[in-house]
Each structure stands twice: as C-alpha cells, then as structure tokens.
Amino acid sequence: MNDTGKNALAEYKKIADVQVEATVARLEKEKKTRSYIPQSSYTLSYIREEVAAFFADYGITDCKPESLKMLVPPAHIDADLTVSVFEFSKMAKKAPAQLATEIAAHITGSAKKTYIVSAIGVNGYINFTLNRPKIFGHVVHMANALGRGYGQIDTYKGKVMVIDYSAPNIAKPFGVGHLRSTVIGQALANIYEAVGYSVVRDNHLGDWGTQFGSLIYAYQHWGDEAVVAANPIKELNNLYIHFNEVSKEDENLKAEARKIFARLEQGDSELVALWKKFSDVSLKEFQKTYDAFGVHFDVMLGESYFVTDFTKLLTELKDKGIAKVGDGGAVIVEGLGDLPIFLLQKADGSTLYILRDVVTFMFRRDTFHPDVILYVVGSEQKLNFRELFALCDAAGYSKGIKLAHVDFGLVLINGSKMSTRKGTLVNLDNVLEQIIAKAKEIVASKGDVAPEHIDATAKIIGTSALIYADLKQNRNSNIEFDWDKMLSLESGSSVYLQYTYVRIMSILTKSGVDIHALDTFATTPENLIFEDVSEFRLAFKLAFFSDALLRAMENNTPNIISIYLEELTAEFNHFYSKVSILKTEKAELKQSRLALLSAVATVIQNALAVLNIPVITKM
RNA sequence: GCUCCCGUAGUUCAAUGGAUAGAACAGGACUCUUCUAAGGUCUUGAUGAGGGUUCGAUUCCCCCCGGGAGCACCA
C-alpha cells in the first residue's frame, strides 16, 4: 500500500478507534460497577425453590430449581401452575404418571407449604393450586418497586457478547432485507443485556470488496459528478446496476473491476479518495434510517477497518496445514471437515470476505474478550459462516468462545431473491414513508390524539409495526414481500400492544392517583388484594417475564418476547372487559387494581423496549 | 449434481419431544347510557404423502413430492 493511500485509510480508521476505546472502557466499567437484579429475587424463583425442595424431599436429588419447567397449564386444566416430571421418571425408576401422583400427594400432605396450596398428579404433570393472595402481592409489589428494571436478571453477569448486525453495503440502498438483520440484532442485543451480558453492538459495514472495483469503474466511465452529488445512493446504485448489465455482455469489465479493487487494496490514493467519498455519503443516509428506528451501535467497524497485511495470517494458516496455494496462485482451504473447497485470497493477491472475517474475529476476540459472538446475517450465507467457524476452530483461534450464526430467511420478491444488481431491491425508505402515511390517516380519523401530536404518533406506530412484523416471527422460511402485508396495522400487530398500554395509561391518568402514593401503597405486599380470577392471572403472567427473556436469549429468538407480550396484553384486555377499575368501591381494592395496572404498564413498556419499540400514552 | 432451509385453517404466522395444535385476517352470531370498540365474547376451519424411533412426534431419523437458497477468484 502506498503512503498516501495508507494515510487516507488510517485517517478513516481513527474515527472507529475512538469508538473502540470508549467501548473497551465501558466494558471495564461494567465489570466493576454494573449492578444487577438477582434472579432469585423474583416471585417465580421462590416458587421454584419450594417445588425443588419438595422434589428433593421426595428423593429426587438432582433437581435444580432454575431448570424446572414451570408453565401455566392449558385452559382445560383447573390449576394455576404445572410442572412435568417426565425427565425425572427414569432416575426415580417410576412411570411418569405414578411419579407425579406420588410427589403431588407428598406435597399436599406436607405442612411446610408457603406459595403452594395443593398439588394433583395427572398424566406425568403435577398441577398446583397456588397461594394466590401471597403471589399476587409479591408480583405486583416487585413490578412497582423495580419499575424499568423489572425483568432484568443476573444469570449471565460478567459475560461479554459481541453482536454483528445490520451491515448494509456502502453505495447501495438500505433494503427491506437489511431491516431484518437490524431489528433482530438490536433486539438480541437488548435481550442479552437484560439477562446480564455486557454487549458490544457492532455494525460490520459492507464497505470493502470487489464490488468497489465495479462501482469505481462505472463511476469513472459513466458517472456524472453533479448527478451523483445530488442523489448519491440512488445514482451510485444505478451505476452499479448498469455495470452489471454491461458486464454480462463483456467479460473484460469484470476483470477490469478486479484490477481496480486490487489497486484500491494496495492503497492507490485516487481510488481510496473515491472510496471514502462513497462511504461518507452512504453512512450519512444510513444514519437517518437508524435514527428513525432508534437503532444505535457501539462501534461501526466496516470491513475496511480490517484491511491489513494478511501475509502473516496466511503463512500461519499454511504452516498449520489448513490453507495451501492452489492452481493459479490463489490461497485455498481444502478438505476441512465435509466443507467444499473455498478461497481465502485471490490469485491477484486481493482478499476475500472470509479472510477479512477471520481478521475481524481475531480483533474482536483480542479487544473485547467476548464469551459469545453472534452474527445476525441472512441464511444465504450459512455456508460461509460454517467455513469461518470451522476455520477458526481448526486453527485454534476460537477456543472458549461460542460463535453463532443467527440466520433468517430472505425477503423474496416474485418468488426469488431481491437483487441490487437486478434492481429488484425494495427500498426501506419507501416502505417506511408509506406505512407512516397510512398510520397518520388512521390516527387522524379515529384516534384521540391532539392535532399537534398526530405526526409524532403516526411515526411511532408506523415504524413499530415494521419492527414488530419481523420480530413476531422466528421462521427460517423466506418471506414474500407484499405491500399490503407490510403496511398492515391491524390487530395482531404492534398496534394491539401499544393500544393496550394507552388504555392503561388513560385509566391511571383519569384515576387522579399520585404515582408516588401508589408506589408507597405497593411497598407492602399485604396491601395488595384482588377479587376476580382474571386479576390474579394477569398478575401471575408478569412473573414470567424473566423466563421469556431467558428463553429468548438461549435460543436467539426474539419472537419469544412477542408471544409473551401478546399473551400478557390479551390477559389484560380480558380483565379490562370484566372489571371496572375506576368504579371499584372498596378503596383498598381500587388502589390494588391501580397498582396492578401500573405493574402491567411497566412490563409492557419493558418488554417492548427490549424489542426496541417505544410506547405512546395516547393514540 | 451435491449441501442446507421451508411446507400447519381459505390467507399470514405460533407452538423449549408433552395434556384437547394456538393467534390474527377473511366468513358467521353477539357486544359501546359503562375506564379509548385499534377492544371483548361465541363460532366455522389445519400439521404435504408414507415409513421409523418414543410411554408420547408439528418437532427427531429415513424416503418421496413441492418451494427457496448456497456450492473457488461476490459479499
């Protein structure tokens, strides 16, 4: 690399270095001073402890409280809570049904019960009737006391997770496909943080590679500086599409593009300057999108950040017998597990994505010392990550670090993959614009929002619906892009959740109750009472929030949180239709109900926040 | 050709190997003199086909049929 080019790149990296330093400092600080809410302080933990103690008492010794599967039984079962004993059946050398019956009888007969009232064994399940008043008081008290912290736990405290998500490509529009990586990644980052991890959010921008050879070629031959300056992303994208059309006819163009990229990588100062220009305008555009969705990153380390001298790494991989020079001079990896042959370096000496990714991995490892690294990237790159992980493993680089590719299906158009090259990519900005316009129409016609707040409300409702549509589903299957579906604001979308929150806030406002007085009232669990079963069921649902967070984290599936939210809000709306809160006559019961509402609102807000969706107080 | 992913109600999606497979939209019947009806209640309706493992399979294995993606100088 020549000096001018080197300097230009070095200059560019300085901005990123500042972010890296700040993040390392933050990790250090969290290690020393971050405070956590112990998982053991939540209601469900008390119940778990009690059940586990009875299991041990009965003779099942290896039962860990936190691994007990506790669920609310299906509707046709008349019980508050159910625990299955199938997994203990073998160890106890008894049939599940018999085991459940015996343990249940043991529990019911014991005088040591606190949260449990009685138990019945059926078909391998132990169905519990719980001490409802005690549990109701405890849950509502906890939610009010912990507020925005409610749900957070310390299970993974001290662990570090690096998450690689969003990663749009420079000089290309931000497509609806990138939204998936962005919102799933952001949600996972929040979820990991909630269960105790320290998280590094990294936007691994696609700002390097042969495509820049193509783009620069196109710009130099057909580009008009003024036209590009007026509408950079669109025009650069047009040039890129044009290049791909022409190069289909003329193979030489692709060779030319590769040559240009090789020169760029060697630090040709003119080319580096062009690259930097493209990069700058793109980042500016992307930032608008991130602002709209409330997404933020700790570091934005694009691929260009990892352009270094790869000689040493390649030599090492060759010495370890993992890589070798193939026909024509390219560096290849052959016979790694059952993987097909793949390339690390091209014959002309320029690098490939996977090699830069190895370097990226080593940087993250040595800088942030993560326990886990998540790559939130579409499923079409599955093979590439298998290659990367296998390579790091074989070379002994990734010992003790869990690497996971969080993959997701493609957004298809007309049954096939969207393509920038073919110009079939649906621009996210267009979708966002339309859904906000639609939300505005609805808010203006049937909403209860002051005219000056309509725009802001519509913006939140619209962006939330887009985020939620992605986070609601966990499927690896592809999604056919459909405007109507994309713009859907019906129930079953985030609107239902936000509407529920609005209803609660409306009641709390109308009650005229001072929030502090309510908090003080809720400080004593014994003050908190209920009358209707729907109140207990609602409160008990709040006790499961941390469980949902844990499950979402362990499987890397944010949709667990969506499911939880939908169940919680449905439970509330059921309660709402049955009980008139403001007309409650007994003062203490009314206070309790308001405290319950406040608790539910808090959990809805916290759970939505994990999905990066804001609440609104009026709609 | 090889590898991977997906196939659930008319449609779009759920369901850590567990009890009677859940929602939403669409269809049918109710429900606002009552805290926001963007709500609530009831109702019609589904695991692509065939084998296997298991006390138990939408989930795991095999095979077939459909759809998609990937497979050396792209990322």
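- Counting any heavy atom pair closer than 4.0 Å across all strands shown, A:I77 reaches a base atom.
- At the heavy-atom level, A:N123 lies nowhere under 4.0 Å from the strands shown.
- More than 12 non-hydrogen atoms from other residues, nucleotides or ligands lie less than 6.0 angstrom from NZ of A:K318.
- Among the atoms of the strands shown, only primed sugar atoms or phosphate atoms (P, OP1, OP2) are found under 4.0 Å from some heavy atom of A:I563.
- Residue side chain A:T82 reaches the base of B:A19 through a donor-acceptor N/O pair under 3.5 Å, judged by distance alone.
- For B:G50 and B:G68, the P atoms lie 24 Å apart once the distance is rounded to whole Å.
- The partner of B:C30, taking Watson-Crick or G-U wobble pairs whose two distances both stay under 3.5 Å, is B:G40.
- Contacts of A:G209 with the nucleic acid, taken as non-hydrogen atoms under 4.0 Å apart, involve only primed sugar atoms and P, OP1 or OP2.
- In this structure, A:Q381 reaches the bases: a heavy-atom distance under 4.0 Å links it to at least one base atom across the strands shown.
- Going from the C1' atom of B:C2 to that of B:G22 covers 38 Å, rounded to whole Å.
- The side chain of A:R475 contributes an N or O atom lying less than 4.0 Å from OP1 or OP2 of B:G7.
- A salt bridge is absent between A:E571 and A:K541; no separation between the charged side-chain nitrogens and carboxylate oxygens falls under 4.0 Å.
- Across all strands shown, A:D357 has no heavy atoms under 4.0 Å from either base or sugar-phosphate atoms.
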Open item on the list: What does the B/S/- profile of nucleotides 35-44 of chain B look like, 5' to 3', with a 4.0 Å heavy-atom cutoff to protein?
Closed with: BBSBSSS---

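- For B:A9, there is no paired base (Watson-Crick or G-U wobble, both distances below 3.5 Å).
- Taking the charged nitrogens against the carboxylate oxygens, A:K472 and A:E566 do have a contact shorter than 4.0 Å, which makes a salt bridge.
- The P atoms of B:U53 and B:U58 are separated by 16 Å, rounded to the nearest whole Å.
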